[in-house]
> 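Below is the structure I would like to discuss, written out as structure tokens.
FYI, side chains are in, hydrogens and waters are out, and symmetry mates aren't considered; it's all heavy atoms of this structure. Below, read A as the first sequence line, B as the second, and so on, with proteins coming before strands; counting in each chain starts at 1.
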Amino acid sequence: MRTHRCGDIRLEHAGETVTVCGWVDGRREHSQHLAFIDLRDYAGIVQVVVDGNHDLRSEYVARITGTVAARLDGTANANLPTGEIEIRDCTVEVLSTAEAPPFPMDERTDVDETIRLRHRYVDLRKKRMQKNLRTRAVVNSAIRSAMEEQGFVEVETPMLIASTPEGARDFVVPSRQKPGNFYALPQSPQIFKQLCMVGGIDRYYQIARCMRDEDLRADRQFEFMQLDMEASFVTQEDVFGFISHAIAGATEAVTGERPTEIPRITWDDAMERFGSDKPDTRFGMELVNLTDLFAETEFNAFKADRVMGIRMPGGAEFSRSKLDDLTDMVKRWGGKGLVWMKVEAAEGEQGGLTLNSPVAKFCSEAELAGIAERLEAEEGDVLFLVADRKRRTQHLLGLLRIELGRPPVTEGGFNYLWVVDFPLFEDINDDGKPVPAHHPFTMPHPDDIEVLETAEGEALLDVRSQAYDLVLNGWELGSGSVRIHRSDVQSRIFDILGIGAEEAQLKFGFLLDAFKYGAPPHAGFAFGIDRVTALLAGEENIREVIAFPKTQSGADPLTKAPTPIDTSHLTELGLQVLPEEEDFS
RNA sequence: GGUCCUGUGGUGCAGUUUGGAGUGCACGCCGCCCUGUCAAGGCGGAGGUCGCGAGUUCAAAUCUCGUCAGGACCGCCA
């Protein structure tokens, strides 16, 4: 139907007869003798000169044949790649008329996202979505190439699988042939990729759709895509190499710059310095441990397991209400409170600094001096201090650091980071059993296997695992681990977790059975395509790189999903919908 | 499960604090004019149950309560 894409026509085509197809981006009508039409396709916009009698309105779809000509002197448009030419002497064919678009098609107006999603088919025409979806395709393609270069084989795993009780909430699909039974949609291909290793695939990868029925966020949708991989006869170090190659390839394909080697930080350091297992290392404001300064403090609030602080440069300008808001925020996050101290020039001839704070009077001179020194306070800063249990102190200051310091998504480059040496267990539950930080097949750190044999209770929290995360600018891109392939180690882990042999057989029997038949040592990883694409595209929200995303409540404003289904359909599945629970409170 | 923010012609906003007639701005839309525009320009016009429902009041876009929708975050996401 066409000879060229609208956005591709240049001065070199002058004199040629071309046919272009696209949407009417705008019209500038001068009279019945002259009108300019901007015709748009995914490649760009070209100016078409017609007489004013053609009824070409916004978003009409047209096919136009005409002659490419250089624009008149002084009328070129430097802002447009096609700005030096226009198409004249046109034959116009309207392929589709169109109602006025439900929102402005220019890129200047931030339209309400619900309205964009309700008319996503129109929204997708806009430059932003065109660019983002194409960026996504580039990422996918680069990842495939990188994995294939490294000898990985793409294997597809099933979408209808058995529900497992661990982990996130499953999406389930009722079985028609076995009423009362359900398939689950996969949260990840975890079990299957490990079975592939037993099956001698050696190096597996898949760009896999995963589903988790958990609350949605800017970086979380019900369904998301992951580069999922697993390899046999490899170490953690090998996995870093495979994934680095893929992520570097994707980054280079989008930005043109290949990232250098990805730095590493231990989980413990990440928590101590950034208060997060997914630190945004684009900016400083690191946490500083002040606990020892208050070993003998008179200030009750600082008689805590942990006292830590961060320094906000220039924060002394904050108003009292702003500081109160921050304090409220910390309380909402679960903290007891927030201490702030403005760093001001001391009065008197000696100079120096003084800390201005409502609680300064409860602290000794030595304590105040210690705070200023440790936090490297400078005039005009504000210091924030939190005292609480270790983990909560780190967490609260980590959140505050992000709240105050995080740069916009488009600033600071792409700071990839490996977070290594995750703990094997993240907590001890009320029964005294440790809660696994990853799945129960994660191999303990080789140096800690002996500890594992004897440790009990709190001491188990110090056991490290061979689990690792990849982080980009404060977003967790993905995680992986070296898996347990030895039944004796696996039994010990199940034992510690309080999972009996019978229960283990019930939950993971098919995997344990598979391991009886010769399991190679193996390790793997998975990272989110939506997240990495969003960051590479400069978007704060993964919905901007997904063609048809859901809203935060899990609805699709376009198709109206989720919807009720016919009673007959339910009956066939052996299902009945209960009336909504009434609230008697 | 929780905290906070936002709902005003098709779109983006102002108006809400301190109640007084659906008031205003920009874009878009429709019509007319205009032979070099490109965020075209000029003139005219249409278009709103102020998300929805109660309450307070002589009077509610504005105050109160509830509810729905959207967003950010905490929990959750092995």
> Rounded to whole angstrom units, what separation is found between the NZ atom of A:K331 and the C1' atom of B:C4?
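Checked: the NZ to C1' distance equals 16 Å.
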> What do you reckon, do A:F103 and the base of B:U11 stack, with centroid distance below 5.5 Å and planes below 30°?
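The base of B:U11 is not stacked with A:F103 (the test needs centres under 5.5 Å and planes under 30°).
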> What do you reckon, are the aromatic ring centroids of A:F222 and A:F171 less than 6.0 Å apart?
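Centroid distance A:F222-A:F171: below 6.0 Å, so yes.
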> With a cut-off of less than 4.0 Å, is there a side-chain N or O of A:R543 near OP1 or OP2 of B:A72?
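Looking at the OP1 and OP2 atoms of B:A72, one of them is under 4.0 Å from a side-chain N or O of A:R543.
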> Please give the nucleotide sitting opposite B:G41 as a Watson-Crick or G-U wobble pair, both distances under 3.5 Å, or none.
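Per the H-bond distance test, B:C33.
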> Taking the P atom of each, how far is B:C52 from B:A69, in whole Å?
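My reading of the P atoms in B:C52 and B:A69 gives 15 Å.
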> Centres of the A:H30 and A:F36 rings: under 6.0 Å?
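For A:H30 and A:F36, the ring centres are under 6.0 Å apart.
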> Of the listed nucleotides (B:C4, B:C73, B:C30), which one gets closest to any side-chain atom of A:W333?
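So the side chain of A:W333 is nearest to B:C73.
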> Within this structure, what is the CD-to-C1' distance between A:Q221 and B:C76, rounded to whole angstrom?
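In whole Å, B:C76 C1' and A:Q221 CD are 16 Å from each other.
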> On the nucleotide B:G75, are OP1 or OP2 found under 4.0 Å from the side-chain N or O atoms that A:H395 carries?
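Yes.
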> Using a cut-off of less than 4.0 Å, is there contact between a side-chain N or O of A:R71 and OP1 or OP2 of B:C38?
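It does not, given that no N or O in the side chain of A:R71 lies less than 4.0 Å from OP1 or OP2 of B:C38.
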> State whether the distance check finds a donor on one side and an acceptor on the other, under 3.5 Å, for side chain A:Q47 versus base B:U37.
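Between B:U37 and A:Q47, which were checked side chain against base, a qualifying N/O pair under 3.5 Å is present.
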> If you check the A:N77 side chain, which of B:A78, B:A40, B:A39 turns out closest?
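Nearest nucleotide to the side chain: B:A39.
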> Can you say whether a donor on the side chain of A:R220 sits under 3.5 Å from an acceptor on the base of B:C76, or the other way round?
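Under the 3.5 Å cut-off, the side chain and the base do form a donor-acceptor pair.
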> Within the structure shown, what part of the strands sits under 4.0 Å from A:A35 by heavy-atom distance: base, sugar-phosphate, or nothing?
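Nothing, no heavy atom under 4.0 Å.
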> Does the ring centre of A:H13 sit less than 6.0 Å away from the ring centre of A:H4?
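Yes: the rings meet the under 6.0 Å criterion.
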> Scan A:R118 against the nucleic acid and name what it touches under 4.0 Å (heavy atoms): base, sugar-phosphate only, or nothing.
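The residue A:R118 makes no contact with any strand.
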> Please determine if a side-chain N or O atom of A:R212 lies less than 4.0 Å away from the OP1 or OP2 oxygen of B:A78.
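For B:A78, OP1 or OP2 has a side-chain N or O of A:R212 closer than 4.0 Å.
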> So, is A:N541 close to the B:A72 phosphate, meaning a side-chain N or O under 4.0 Å from OP1 or OP2?
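Answer is yes, contact under 4.0 Å.
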> Is there a donor-acceptor pair under 3.5 Å between the side chain of A:E107 and the backbone N or O of A:K127?
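Yes.
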> Among A:K390, A:R392, A:R391, which residue satisfies the salt bridge (charged side-chain N to carboxylate O under 4.0 Å, His left out) criterion with A:D388?
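Among A:K390, A:R392, A:R391, the one that satisfies the salt bridge (charged side-chain N to carboxylate O under 4.0 Å, His left out) with A:D388 is A:R392.
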> Quickly work out the A:F36 CZ to B:G41 P distance and round it to whole Å.
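Those two atoms, CZ and P, are 14 Å apart.
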> Between B:C29, B:C30, B:U35, which nucleotide has the shortest distance from any of its atoms to the side chain of A:S31?
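The nucleotide sitting nearest to the side chain is B:U35.
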> Does B:C29 have OP1 or OP2 sitting under 4.0 Å from an N or O in the side chain of A:S58?
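For B:C29, OP1/OP2 do have a side-chain N/O of A:S58 under 4.0 Å.
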> A:R40 has an atom CZ; how far is it from atom C1' of B:A39, in whole Å?
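So the two atoms are 15 Å apart, to the nearest Å.
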> Does a side-chain N or O from A:T442 land closer than 4.0 Å to OP1 or OP2 of B:A78, or not?
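A:T442 to B:A78 OP1/OP2: no side-chain N or O under 4.0 Å.
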> Are the ring centres of A:F525 and A:W418 closer than 6.0 Å?
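Yes: the rings meet the under 6.0 Å criterion.
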> When only distance counts, do a donor and an acceptor, one from the side chain of A:R217 and one from the base of B:G71, lie under 3.5 Å apart?
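Check fails, no donor-acceptor contact within cut-off.
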> Looking only at N and O atoms, is any donor in the side chain of A:D215 or the base of B:G75 less than 3.5 Å from an acceptor on the other one?
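Yes, the side chain and the base share a sub-3.5 Å donor-acceptor pair.
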> Would you say the base of B:U35 stacks on A:H30 (centre-to-centre below 5.5 Å, plane angle below 30°)?
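No, A:H30 does not stack on the base of B:U35.
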> Please give the distance between the C1' atoms of B:C30 and B:A72 as a whole number of Å.
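Per the computed distance, 40 Å lies between those C1' atoms.
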> When the distance from CG of A:L400 to P of B:C73 is rounded to whole Å, what number comes out?
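Answer to the nearest Å: 16 Å.
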> Hey, is the side chain of A:R57 poking within less than 4.0 Å of OP1 or OP2 on B:C30, counting only N and O atoms?
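Looking at the OP1 and OP2 atoms of B:C30, one of them is under 4.0 Å from a side-chain N or O of A:R57.
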> Name the pairing partner of B:U18, where a pair is Watson-Crick or G-U wobble with both distances under 3.5 Å, or state none.
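Its partner: none found.
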> Consider the side chain of A:I115, meaning its heavy atoms from C-beta on, and name the nucleotide among B:G70, B:C73, B:U11 that approaches it most closely.
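Among the listed nucleotides, the one closest to the side chain of A:I115 is B:U11.
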> Is the ring centre of A:F441 less than 6.0 Å from the ring centre of A:F508?
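Centroid separation for A:F441 and A:F508: below 6.0 Å.
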> Find which nucleotide of RNA chain B each of A:A100 and A:R88 is nearest to by heavy atoms, and output the residue with the more 5' nucleotide.
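Result of the comparison: A:A100.
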> Quantified in whole Å, what is the P atom distance between nucleotide B:G9 and nucleotide B:C13?
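Here B:G9 and B:C13 have their P atoms 11 Å from each other.
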> OP1 or OP2 of B:G70 less than 4.0 angstrom from a side-chain nitrogen or oxygen of A:T551, does that happen here?
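Yes, A:T551 has a side-chain N/O under 4.0 Å of OP1/OP2 on B:G70.
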> Please evaluate the base of B:G41 for a donor-acceptor partner in the side chain of A:E29 within a cut-off of under 3.5 Å?
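Checked by distance alone, the answer is no.
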> Between B:U37 and A:R28, counting only base atoms on the nucleotide and side-chain atoms on the residue, is there a donor-acceptor pair under 3.5 Å?
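Flag set: donor-acceptor pair detected.
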> Assign each of A:Q552 and A:E426 to its nearest nucleotide of RNA chain B by heavy atoms, then name whichever residue's nucleotide is nearer the 5' end.
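Counting from the 5' end, the first nearest nucleotide belongs to A:Q552.
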